[in-house]
Amino acid sequence: MTEQVGGQEEKESYLKDDSLEWLTVNVRGQQYRKLKKVRIGKMMKISGRIEEDKRQEKTDEKWRRNWKRERGNVFGGVREIRDKYRKLKAMGVKRNVLEHFVYVSLRMSNEGKEQEIIKMIKEEEEEEANNRNEKEREWIDAVIKQSQNKKYRSLCDTRNRKDDRKWVESKCYLPELGYKNSGITFYNWKNLNEKIAENYERIVYGDHGPYIEFHSDNICWDSFPICIDKGDSIAYYIEHYTRDKNVKLYQQKKNVKDQPNPPKGPYSVSHFRSNGYADYVVGIRPTSSSFARARDHTIQPARPTTSYRLGGVEPHSASCAQSTFQKHNRNRNSNRNAAQDDGYNDDNGDYNDNGDYNDDDEYNDDGDYNDNDYNDKGNNEYNDKGNNDNGKNYDDNDQDYDYNDNNNDYNDKDYDNKGYNDKNYDDNDNGNDKNDYYKDRFDDTASNQTYITMSTEADTATTFDAKSITSSVYRPKQLKITITPNPTLKHELALKAFAECKSGKYVPGLIYIPDLITEEEQEQIATDLKNNVHWWAEHSQIQQKRRSLQFGYTLDYKAMELYPSKGVLATIPSCFAYLAQRIQTYLEKDLGFKSIKSFNQLILNEYLPNQGITPHTDRTHVFGPVVAGLSLFSPCVIDFQLPHSNPPLSKPVLLLPRSVFVITDDARYKWTHGISDSKTHTFYGHSFTRGIRYSMTFPACLVYSI
Ligand SMILES: O=C(O)CCC(=O)C(=O)O
Ligand SMILES: [Fe+2]
């Protein structure tokens with residue numbers, strides 16, 4: 001051993017420890033440090049030992065820096081591998097650590113370097129081996145045999161994936177490839193007695209973020225008693241949950257090769273890949289599909305911090321990059337989707353602010369890609385390998401981070417300057433690696449492969465903290481609700497459009513119901529809102545600066561998943577529930593709708609006169625085919641637009657207080673609707689000043705019983 005770090009005493013105490021984890025061993029100057037368990041989710045944050053956490057954070061920083069410096073090359077050059085190996089030995093790590101390391105080195109080093117690496121490792125071991133018996137030396141040969149000279153090319157070929165990898169490796173200490181004897185154990189971080197899995201196959205770095213892939217044999221299935229299968233037609237995977245629903249396991253049913261871009265999500269980046277946005281692998285023998293529980297699976301580690309996610313830069317250097325980011329975002333937007341680029345939300349420089357229920361990509365997290373929108377973007381031909389378009393194909397979904405306007409964490413430069421094709425990782429690329437990988441993987445285990453991805457609810461449920469961004473302006477002790485007068489329509493076009501709206505001939509599928517409630521009922525609603533002002537302070541979310549509350553179910557705009565609302569929001573308050581019923585009755589009795597699914601969610605939106613909502617399609621994977629919206633207190637114009645139409649079609653609809661608009665069919669699925677954030681709205685020549693407006697959106701959430 002040529003390098004010695006740490007004191008003998010600590011080393012011994014570590015060696016006496018029977019636990020197998022190795023990636024949790026850190027070197028802090030002269031000290032050793034270890035964690036007992038690899039925890040899914042906030043693994044470093046939950047030890048409950050604050051002192052430890054602080055130390056850990058410092059160490060994390062160090063590791064992160066080290067990874068940045070070393071990682072790009074560590075599996076590239078023999079010398080780097082040797083140095084790393086020596087470090088690990090000096091740390092006194094256990095055999096399985098070394099095995100894992102050698103295994104990954106052999107499989108991921110540059111082509112043709114294997115023999116050199118083997119020679120080097122053997123030399124390194126020589127000295128010690130002389131003092132040991134022959135049997136102990138055999139481990140090297142066993143690892144070599146395991147690696148079978150098969151190369152694995154990193155999936156991290158773009159900046160976003162590399163950043164994800166940096167994060168996973170510096171936070172979770174999980175190399176891209178797993179190893180069968182690594183002994184790494186995964187626990188539910190909310191219940192550390194609950195074992196999730198042992199060992200893993202690989203980290204799948206895709207454009208929807210990193211996932212840990214497991215073989216089913218290594219999953220503790222007893223920890224996953226809940227299983228939801230939404231059916232072949234909509235879902236790309238079966239969901240499995242731990243009892244506490246904290247850990248979710250995705251069992252992939254179909255691959256995503258036909259999906260060039262990922263659904264929206266905190267990690268999502270669009271690269272228009274012709275091979276699909278991620279390398280999720282599905283069972284290759286359809287006959288085995290009924291044996292879901294005997295398959296392979298993956299799990300998604302916790303979400304990286306914003307700063308790390310967006311370019312892997314330290315926050316302090318990012319503020320200067322903010323404007324660059326916004327600029328590029330604008331460019332991207334105009335390149336991506338004209339329907340969104342309408343000048344709304346200019347304050348954010350971001351067409352979609354915080355992702356509302358914006359379905360512009362029209363496919364979603366559940367994998368029900370029920371839309372053909374990709375082609376419309378005209379970008380299918382985009383050459384993923386090229387990087388000369390300065391980020392225009394870089395993902396717009398990062399706007400998810402944008403809502404708060406104060407995150408100075410972006411350093412978009414990092415993306416734009418370096419492009420997406422970091423040479424470090426591409427040296428091996430001969431274009432066939434992926435096929436090799438599949439061959440490698442399935443030649444000997446071809447019988448029953450399916451992959452599952454897993455995430456923790458805690459990750460996905462970390463919606464923005466409304467309270468922290470709710471300034472006093474947003475937290476009045478009283479609600480001031482006034483009624484704003486309606487414009488008097490005189491112009492012929494305005495009268496015609498309004499009449500067409502009422503008769504259902506204006507936008508296909510759009511139904512307008514004037515005066516669904518009386519003035520007294522509106523008064524009563526105002527009173528009810530005032531009486532419950534505390535709802536807002538306690539539970540509201542901020543969407544594009546406006547506040548909203550979700551009763552019944554809550555759509556997490558980051559994860560785009562639906563959860564039953566909690567506390568006072570758990571059910572639609574009785575003072576409002578009759579409204580949902582009345583709309584439903586109207587649709588069924590007066591308009592002859594065949595028993596529609598009951599509205600089971602209420603989204604209460606508050607619009608100050610300078611607030612709006614980005615053009616969007618209400619999320620299709622969580623909301624049913626009929627969505628109704630009641631307007632209160634102030635008139636406003638909602639714009640219906642048909643994206644990609646030529647010439648562009650945009651139809652303003654005047655929403656008067658106490659009226660309801662219902663979207664079905666084309667209006668629901670093909671058209672977008674949005675409200676401009678200007679204080680003055682115009683409807684066919686009639687301009688009027690907006691006042692405070694509330695709207696109640698009633699969707700029928702698609703919920704599945706467990
Ligand atoms: O405020 C409105 O009337 C529209 C709200 C809306 O589009 C929504 O909640 O999805
Ligand atoms: Fe909507």
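Start at 1 and go down the list; that is how both ligands and their atoms are numbered.
- Taking only nitrogen or oxygen atoms, main chain and side chain alike, S631 does not reach within less than 3.5 Å of ligand 1.
- Remark: ligand 1 atoms within the under-4.0 Å shell around heavy atoms of I675 are 1 (O), 2 (C).
- Contacts of H673 classified as ring-ring contact (aromatic ring centres under 6.0 Å, His included), with partners at least two apart in sequence or in another chain: H616, F640.
- A donor-acceptor pair under 3.5 Å is absent between the side-chain atoms of R690 and the main chain of T484, judged by distance alone.
- Of all atoms in ligand 1, numbered sequentially from 1 with element shown, those under 4.0 Å from a heavy atom of D618 are 10 (O).
- With M696, E606, R693 as candidates, the residue nearest to atom 3 (O) of ligand 1 on a non-hydrogen basis is R693.
- Remark: at the Fe ion (ligand 2), atom OD1 from D618 and atom NE2 from H616 enclose 90°, rounded to the nearest 10 degrees.
- When heavy-atom distances to ligand 1 are checked against a 4.0 Å cut-off, V627 has no atom that comes that close, whether in backbone or side chain.
- Judged by distance alone, the side chain of Q550 and the main-chain N or O of Q601 form no donor-acceptor pair under 3.5 Å.
- Applying the side-chain contact (heavy atoms from CB on, under 4.5 Å) test between F661 and each of L630, I511, I638 identifies I638 as the sole match.
- Minimum-distance N/O/S atom of H673 relative to the Fe ion (ligand 2): NE2.
- Near N605, meaning under 4.0 Å from one of its heavy atoms, ligand 1 places the atoms 5 (C), 9 (O).
- Residue F661 approaches ligand 1 through these ligand atoms, each under 4.0 Å from one of its heavy atoms: 3 (O).
- Between the side chain of H686 and the backbone N or O of H491, at least one donor-acceptor pair lies under 3.5 Å.
- Between the side chain of R546 and the backbone N or O of L608 there is no donor-acceptor pair closer than 3.5 Å.
- Near Y607, meaning under 4.0 Å from one of its heavy atoms, ligand 1 places the atoms 1 (O), 2 (C), 4 (C), 5 (C).
- Near T697, meaning under 4.0 Å from one of its heavy atoms, ligand 1 places the atoms 5 (C), 6 (C), 8 (C), 9 (O).
- Test I675, L654, L655, T680 against V637 for side-chain contact (heavy atoms from CB on, under 4.5 Å) and you get one pass: L654.
- Using a 4.0 Å cutoff on heavy atoms, I603 does not count as a contact of ligand 1.
- Ligand-side atoms of ligand 1 in range of S695: 1 (O), 2 (C), 3 (O), range being under 4.0 angstrom from any heavy atom.
- The list of side-chain hydrogen bond (donor to acceptor under 3.5 Å, both in side chains) pairs with a residue in residues 654-663, not counting sequence neighbours, reads Y512-S659, D515-R658.
- Checking side-chain atoms of R693 against main-chain N and O of N605 turns up no donor-acceptor pair under 3.5 Å.
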